[in-house]
Structure formats: C-alpha cells, structure tokens
Trainee: 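Mind looking over this structure? Questions follow.
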Amino acid sequence: MRKFTVHTGIVAPLNRANVDTDMIIPKQFLKSIKRSGFGPNLFDELRYLDEGQPDADNSQRPLNPDFVLNKQPYDEASVLLAGPNFGCGSSREHAPWALEDFGFRSIIAPGFADIFFNNCFKNGLLPIVLKEEEVKILFDAVARVPGCEVTINLPAQTVTVFGGSADELVFDFEIDGFRKKCLLEGLDEIGLTLKESDAIRAYEQQRKQITPWMFTDVESAGV
C-alpha cells in the first residue's frame, strides 16, 4: 500500500448526494479480485453514453461530454470532492480499488458510508470528513478556479486550497490515530501482520516445544 504523507492535486467536483458503490463501479465489473484494472470503469454509467460490459475496449466507447472526469483538467484529478453519504450501498471493496486505480488519493465529503469509509483506509485512500459549510466553500472555490489544486497534509491534518481569493483556505480534519499511522507508513492489514513476523516465528517455535504433536506431519506419522 502506498504511503500518504502530503499530497497536492487537482480537485474534481462531484456535487451529488448518496453516490453508491454501484455508481462508483457497476456490478458487472466485479469479476476480479485483483486491485488493478478498474479505473477505466470508474463511474461507468456517468462516464460513458453506452452500457459498459466487462472486457470492452473503453477507448472505443462514446464519452459523456458533460461528466466532470471527461473534461480537462479533471481527467487528471487526484482529489475527489463529493456530496454527503458518499459510498453508500453494497460493501464492495472494488469501489476504493476503482478510485485508486483511476488516480485518486483522497476523497473529501461531509460524510461517508461506514463500510466504504473503512475500506478506503485499507487501500491507501484518505477519506476526509469536513463540515457541510466547509465542503460548500470548497465547491465554490473549484467553481471560481476550475482545475484548482488542494494540498492535503496528513501529519498536520489540514486541507489547503487556493480558491482565487487573496488568502489560502485551510481546513482541519480529524482522523483516528491508528489509521493515520497506517497511512503514513503505507501499511495495510497484511503489512501490519508482516511487521510482527519475528514475533510470530518465535511463538511458533515456542509452541513446537510445548505441543510438538500439533506440528507432527500426518503422513510421516503413518496416519
């Protein structure tokens, strides 16, 4: 999992409430457990004018010219600004996979569905909850300066945006200390386990001494 410390990127505005995981990555594309390859079908129903099918050549499909990610410079955005209850619906982990594969590093919204929120942290995405009035200010800033960038400083827990006014806009956000540490170090659940590999091996050796029968090879024992 990639580390997240300080990130600066273009903000793509998606001012919709209750964007569910089927809108993020439709069900017909959930045919792989690999974490890559889902980016071209992110927001498929909004992004294309035809119906998406697995293994289709997306480069030949007609694009929806009104969808934000089909417009420059938002096609290179790495921060998504969204409405309330983002990521609701089914619990598919493919949703953060698709967002990350497209190139997003963070999503800012007034609120997230719980399972999606948790899945983001497991996949190196930083979901940031700001107050509704703060999110509105960000939407206004993006409208004034299309393609404006934000800087997300995870150690300082701040979001900074220049929205065309004389002063920078800085917002603070909260994050659980353990999740913050995992993102800063780039550790998912497997990475956390591997950090304890020496202790795990020592425990196994100890158990072999105490309960050797548990480690006896069944075939060699003639069973």
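When reading the values below, keep in mind they use all heavy atoms of this one structure, side chains included, and skip hydrogens, waters and symmetry mates. Just so it is clear, the model here is predicted, and its values are computed rather than measured.
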Trainee: Can any side-chain N or O of Q157 pair as donor or acceptor with the backbone N or O of F173 at less than 3.5 Å?
Mentor: yes
Trainee: With a 4.5 Å heavy-atom cut-off, do F116 and L99 have their side chains touching?
Mentor: yes
Trainee: Looking at Q53, I want to see if its CD is surrounded by more than 12 non-hydrogen atoms of other residues, nucleotides or ligands under 6.0 Å.
Mentor: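 More than 12 heavy atoms, drawn from other residues, nucleotides or ligands, come within 6.0 Å of this atom.
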Trainee: Within a strict 4.5 Å, meaning less than it, do heavy atoms of the D140 and R144 side chains meet?
Mentor: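 Touching, per the 4.5 Å side-chain cut-off.
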Trainee: Using only atom types and a distance under 3.5 Å, with no angle test, would you say the side chain of K180 pairs donor to acceptor with the backbone of P155?
Mentor: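 Between the backbone of P155 and the side chain of K180 there is a qualifying donor-acceptor contact (under 3.5 Å).
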Trainee: Using the six-membered ring wherever Trp is involved, compare the ring planes of F86 and F112 and label them parallel, tilted or perpendicular (cut-offs 30° and 60°).
Mentor: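 F86 vs F112 ring planes: perpendicular.
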Trainee: Is T160 reaching over with its side chain to a backbone N or O of V170, donor-acceptor style, under 3.5 angstrom?
Mentor: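 Not a single qualifying donor-acceptor pair exists.
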Trainee: Where is the tightest heavy-atom contact between T21 and G87, given as atom of each residue plus distance?
Mentor: CG2-O, 3.6 Å
Trainee: A side-chain contact here means heavy atoms from C-beta on lying under 4.5 Å apart; do K122 and N119 qualify?
Mentor: yes
Trainee: Hey, are the side chains of K3 and L184 touching, using non-hydrogen atoms and a 4.5 Å cut-off?
Mentor: no
Trainee: Using a strict 4.0 Å threshold on nitrogen-to-oxygen distance, state whether R61 and D57 make a salt bridge.
Mentor: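 Looking at D57 together with R61, the answer is no, because their closest N to O distance does not fall below 4.0 Å.
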Trainee: Is the count of non-hydrogen atoms from other residues, nucleotides or ligands lying under 6.0 Å from E133 atom CD greater than 12?
Mentor: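 Yes, enclosed.
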Trainee: Looking at every heavy atom in both N123 and P96, which two are closest together, and how far apart are they?
Mentor: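 Minimum heavy-atom contact is ND2-CG, 4.0 Å.
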Trainee: Consider only side-chain heavy atoms of I, L, V, M, F, W and Y, link residues closer than 4.5 Å, and tell whether V159 and V11 are in one cluster.
Mentor: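 V159 and V11: one cluster.
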Trainee: Looking only at the side chains, is there a donor atom on one of R179 and N118 sitting less than 3.5 Å from an acceptor on the other?
Mentor: yes
Trainee: Roughly how far, to the nearest 0.5 Å, is the CG atom of D172 from the CD1 atom of I128?
Mentor: 11.0 Å
Trainee: Is it true that L138 and L126 fall in one hydrophobic cluster, defined by side-chain heavy atoms closer than 4.5 Å?
Mentor: yes
Trainee: Check P146 against A143 and note the closest heavy-atom contact, atom names and distance.
Mentor: CD-O, 3.9 Å
Trainee: Is there a donor-acceptor contact under 3.5 Å from the side chain of R92 to the main chain of L30?
Mentor: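 Pair absent, no side-chain N/O of R92 close to backbone of L30.
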Trainee: Which atom pair, heavy atoms only, marks the closest approach of N58 to P40?
Mentor: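 The answer is ND2-CB, 3.5 Å.
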Trainee: Where the side chain of E185 meets the backbone of C182, is there a donor-acceptor pair that is under 3.5 Å apart?
Mentor: no
Trainee: Backbone N or O of R105 within a donor-acceptor pair of the S78 side chain at under 3.5 Å?
Mentor: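 Between the backbone of R105 and the side chain of S78 there is no qualifying donor-acceptor contact (under 3.5 Å).
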Trainee: Does a side-chain N-to-carboxylate-O contact under 4.0 Å join R2 and E100?
Mentor: yes
Trainee: How many angstroms lie between CG in N85 and CG in D20, if you round to the nearest 0.5 Å?
Mentor: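 The CG atom of D20 is 9.5 Å from CG of N85, to the nearest 0.5 Å.
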Trainee: Would you sort out whether V150 and L169 count as a side chain to side chain contact (heavy atoms under 4.5 Å, CB included), showing the intermediate values?
Mentor: CA-CA 9 Å; V150 299; L169 304 171; over 6 Å; no
Trainee: Is it the case that atom CD1 in I210 sees more than 12 heavy atoms from other parts of the structure closer than 6.0 Å?
Mentor: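 Check passes, neighbour count above 12.
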Trainee: Decide yes or no for D22 and E45: does some side-chain heavy atom of the first lie under 4.5 Å from some side-chain heavy atom of the second?
Mentor: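 In short, these two side chains touch, coming nearer than 4.5 Å.
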Trainee: Using modelled atom types and a 3.5 Å cut-off, is there a donor and acceptor pairing between side-chain atoms of H94 and backbone atoms of I24?
Mentor: no
Trainee: Check A77 against F102 and note the closest heavy-atom contact, atom names and distance.
Mentor: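 Taking A77 first and F102 second, the nearest heavy atoms are O-CE2, 3.9 Å.
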Trainee: Centroid-to-centroid, F29 to F38, below 6.0 Å?
Mentor: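 No, they do not, as the ring centres are separated by 6.0 Å or more.
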Trainee: List the steps and the verdict of side chain to side chain contact (heavy atoms under 4.5 Å, CB included) for F171 and I137.
Mentor: CA-CA 10 Å; F171 303 102; I137 291 171; 3.9 Å; yes
Trainee: Where is the tightest heavy-atom contact between Q28 and G52, given as atom of each residue plus distance?
Mentor: NE2-O, 3.0 Å
Trainee: Whether the side chain of N70 engages the backbone of D75 through a donor-acceptor N/O pair (distance < 3.5 Å, no angle test) should be reported.
Mentor: no
Trainee: Within a reach of under 6.0 Å around CG of D176, are more than 12 heavy atoms found that belong to other residues, nucleotides or ligands?
Mentor: yes
Trainee: Check step by step if side chain to side chain contact (heavy atoms under 4.5 Å, CB included) holds for F4 and L125.
Mentor: CA-CA 8 Å; F4 195 116; L125 279 171; over 6 Å; no
Trainee: Please report the interatomic distance CG(N153) to OG1(T158), rounded to the nearest 0.5 Å.
Mentor: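 Between N153 CG and T158 OG1, I get 4.5 Å after rounding to 0.5 Å.
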Trainee: Flag yes if I25 and L14 sit in one hydrophobic cluster, no otherwise; membership is Ile, Leu, Val, Met, Phe, Trp, Tyr, and two members link when side-chain heavy atoms are under 4.5 Å apart.
Mentor: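 Looking at the clustering, L14 is in a separate group from I25.
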Trainee: If I take atom CG from residue L49 and atom CG from residue D66, how far apart are they, to the nearest 0.5 angstrom?
Mentor: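 With rounding to 0.5 Å, CG (L49) is 8.5 Å from CG (D66).
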Trainee: Before accepting this row, confirm whether a basic side-chain N of the pair D101/K34 lies closer than 4.0 Å to the acidic partner's carboxylate O.
Mentor: no
Trainee: Indicate, with yes or no, if W97 and F43 share a hydrophobic cluster defined by side-chain heavy-atom contacts under 4.5 Å among Ile, Leu, Val, Met, Phe, Trp and Tyr.
Mentor: no
Trainee: Under 3.5 Å, is there a donor-acceptor pair between the side chain of N64 and the main chain of L46?
Mentor: yes
Trainee: Roughly how far, to the nearest 0.5 Å, is CG of N18 from CE of M23?
Mentor: 9.5 Å
Trainee: Please step through side chain to side chain contact (heavy atoms under 4.5 Å, CB included) for the pair L183 and F178, ending with a clear verdict.
Mentor: CA-CA 9 Å; L183 283 174; F178 175 72; over 6 Å; no
Trainee: Are the side chains of V6 and I152 in contact, using a 4.5 Å heavy-atom criterion?
Mentor: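 No; the side chains remain at least 4.5 Å from each other.
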Trainee: Just checking D114: does its CG atom have more than 12 heavy atoms from other residues, nucleotides or ligands closer to it than 6.0 angstrom?
Mentor: no
Trainee: Taking the side chain as everything from C-beta on, heavy atoms only, tell me whether C120 gets closer than 4.5 Å to I107.
Mentor: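 Yes, side chains in contact.
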Trainee: Check whether any side-chain heavy atom of F121 lies under 4.5 Å from a side-chain heavy atom of I175, and answer yes or no.
Mentor: yes
